[in-house]
There are 2 protein chains.
Amino acid sequence: MAGEGRVEGSGKSGQLDFPRPLTTVDVVIFTILDDSLQVLLMQRPAGEGEPFPLSLALPGGFVDVTKDRDLAACAARKLREKTGVTSPYLEQLGSWGSATRDPRGWSATHAYFALIPADASVLANDARWFPIRGGRLKDKLAFDHGDILATAIQRLRNKVEYTSLPAYLMPAEFTLPDLQRVYEIVLDRPLEKSAFRTRILAADMIEPVAKMRRGPNRPAQLYRLKKGGEPVYFVRTFNPPE
Amino acid sequence: MAGEGRVEGSGKSGQLDFPRPLTTVDVVIFTILDDSLQVLLMQRPAGEGEPFPLSLALPGGFVDVTKDRDLAACAARKLREKTGVTSPYLEQLGSWGSATRDPRGWSATHAYFALIPADASVLANDARWFPIRGGRLKDKLAFDHGDILATAIQRLRNKVEYTSLPAYLMPAEFTLPDLQRVYEIVLDRPLEKSAFRTRILAADMIEPVAKMRRGPNRPAQLYRLKKGGEPVYFVRTFNPPE
DNA sequence: GCAATAGTGTCTATCAGACACTATTGC
DNA sequence: GCAATAGTGTCTGATAGACACTATTGC
């Protein structure tokens, strides 16, 4: 079998002379597009010996020990290569490793999840957005990427209940109803306008700009994210369960 | 230098013919002992070529691709080898990987954290409990284990605000004041007795056993964890911040 | 004026915090 | 009775939910 993963004997130290698992990084990249939550997926290559040829998969790949200083840099590089985005919200999601998840051998992936505004990205040729409907993706994914994506969706939904994360999905300027709509898309349920506004404004995370969005109705105040970038944690979730 | 980490050429597939990072798993094991939160640490071996000889470190080590089916099994094995505990609360904490964290080369560790009752453990010879005072450990640790431990403490404290995690630190039978004391130790602040009892009982996570703890005062009802094992999430944290 | 959306106010329910109060044991 | 700890009740404050109400635009 190809790629046994035993390191070259070092002579001196027997310590390191044993098979090493493969090490990869995958990134779950979310955005809001067409009024729904979408995730960036790629098609696997079709080359000889490639696992899951032509299947859909999360963007990711092997850690390059010559290019990547650390795991977060590796994830940021993959995000940049696929979307051109350089300063996203990027959070570690967890790691998945087992003897069987990759047919090439024992492998472990470090998964990250990123939130970006759709209008800030220029996609690579082999990458496309796929909508998440009803909290799930229709397509099957390569490896255990379906599990990783499900975990990412769950983490996102959970955090949206009590944090300002959706702010990172917004364009530079947005209105409060825009932001509420994004919360509702991610949570897949309507929120109370009054409670929503009170909470967001109390959190002191956004500031008004001297512009209004005009339309066929009353104009809405435009806001932008305050500097700082740290997500805000609310003290209560939006809805007591049941 | 020893342990370059380049895999043996496979001939067929050039894909896998590049250096692989080292892959390890470390476990942050907490318990309550002597009325304080404690973490299990080991002394690093002193052998030739060993990094951080004789320093304190988290229990952990390389993934054994022949013994470990997956990362969680590897973490459970290390916990079992050091404490004898077989069914702890075990949660993934995150992963740390960089070119510089291990002098032997690019390495990535998958960190877990475990909660066990002190009375259920029989420590390995080279392992000892170390108290965490004021939310920190006095000693410096090997590698980046200080960072990992700090993250684990923060995660534990954060989750204790709104979950039933401390229940996994308790012996089989305990009273409500016992449990409250453990919450207070982890959070390092006193809690209101009345609110605490209301919340815990409403969470339906423990059940009374037909016994009381007697002492030089009013006896206290003994409880045990209900079957199921899943931690309970409360809808509000204990204390609104400030 | 009317439709449409932005934004506010008012009432209620829930639950943590504070704290006083009662209960049950050993001595 | 007294000390000590277990356990309960009562009031207040913060905030989400529900929902009605006002505000400002285009047509």
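Within every chain, numbering begins at 1; the chains are lettered A, B, ... in the order of the sequence lines, protein sequences first and strands thereafter. Computed from a predicted structure; not experimentally measured.
One interatomic measurement links the two molecules: CG of B:Asn217 to P of D:dA4, which rounds to 10 Å at whole-angstrom precision. Regarding B:Arg213, its CZ atom lies at a distance of 11 Å from the P atom of D:dG7, rounded to whole Å. Rounded to whole Å, atom P of C:dT5 lies 13 Å from atom CG of A:Asp178. The interatomic distance linking A:Glu161 (CD) with D:dG17 (P) rounds to 9 Å, in whole Å. Nucleotide C:dA6 holds its P atom 14 Å from the CZ atom of A:Phe174, rounded to whole Å. Distance, B:Arg181 CZ to D:dA4 P: 18 Å, rounded to whole Å. As rounded to whole Å, 17 Å separates atom C1' of D:dG17 from atom OH of A:Tyr183. Atom pair A:Glu184:CD and D:dG17:P shows a separation of 12 Å (rounding to whole Å applied).
For B:Glu192, the side-chain atoms get nearest to C:dG17 when compared with the rest of D:dG26, C:dG17, D:dG7. Of the candidate nucleotides C:dG7, C:dG17, D:dG7, D:dG7 has the atom lying nearest to any side-chain atom of B:Lys193. When distances are taken from the side chain of B:Gln221 to each of C:dA6, C:dA16, D:dG7, the shortest belongs to D:dG7.
Of the two residues near DNA chain C, B:Phe234 and A:Tyr223, the one whose nearest nucleotide lies more 5' is A:Tyr223. When the nearest nucleotides of DNA chain D are assigned to A:Gly215 and A:Ala195 by heavy-atom distance, the more 5′-ward of the two goes with A:Ala195.
Listed pair B:Arg218 / D:dG7 fails the phosphate criterion, with no side-chain N or O lying under 4.0 Å from OP1 or OP2. OP1 and OP2 of D:dT15 both lie 4.0 Å or more from every side-chain N or O belonging to A:Arg199. Between B:Arg197 and the phosphate of D:dA6, there is no side-chain N or O to OP1/OP2 separation shorter than 4.0 Å.
Residue contacts shown for A:Pro219 are limited to sugar-phosphate atoms, with no base heavy atom under 4.0 Å away. At a threshold of 4.0 angstrom between heavy atoms, the contacts of B:Arg214 are confined to the sugar-phosphate backbone, with no base atom among them. Contact annotation for B:Pro177: backbone-only contact, meaning every heavy-atom pair under 4.0 Å involves sugar-phosphate atoms and none involves a base.
Between A:Glu161 and A:Arg189, at least one side-chain nitrogen of the basic residue sits less than 4.0 Å from a carboxylate oxygen of the acidic one, meeting the salt-bridge criterion. The pair A:Glu173-A:Arg213 does not meet the salt-bridge criterion, since no charged nitrogen lies less than 4.0 angstrom from a carboxylate oxygen. Between B:Glu81 and B:Lys78 there is no salt bridge, since no side-chain N of the basic residue sits under 4.0 Å from a carboxylate O of the acidic one.
Across all strands shown, D:dA4 forms a Watson-Crick or G-U wobble pair, both distances under 3.5 Å, with C:dT24. Base pairing analysis places C:dG9 opposite D:dC19; the two distances defining the Watson-Crick or G-U wobble pair are each below 3.5 Å.
Geometric assessment of A:Arg181 against the ring of A:Tyr183 yields a negative cation-pi assignment under the 6.0 Å and 45° thresholds.
Looking at B:Ser194, its side chain comes within 3.5 Å of the base of D:dG9 through a donor and an acceptor atom.
Between A:Asp188 and A:Gly134, the closest heavy-atom pair is OD2-CA, 4.4 Å.
Below 30°, between 30° and 60°, or above 60°: for A:Tyr168 and A:Tyr89 the angle between ring planes is below 30°, a parallel geometry.
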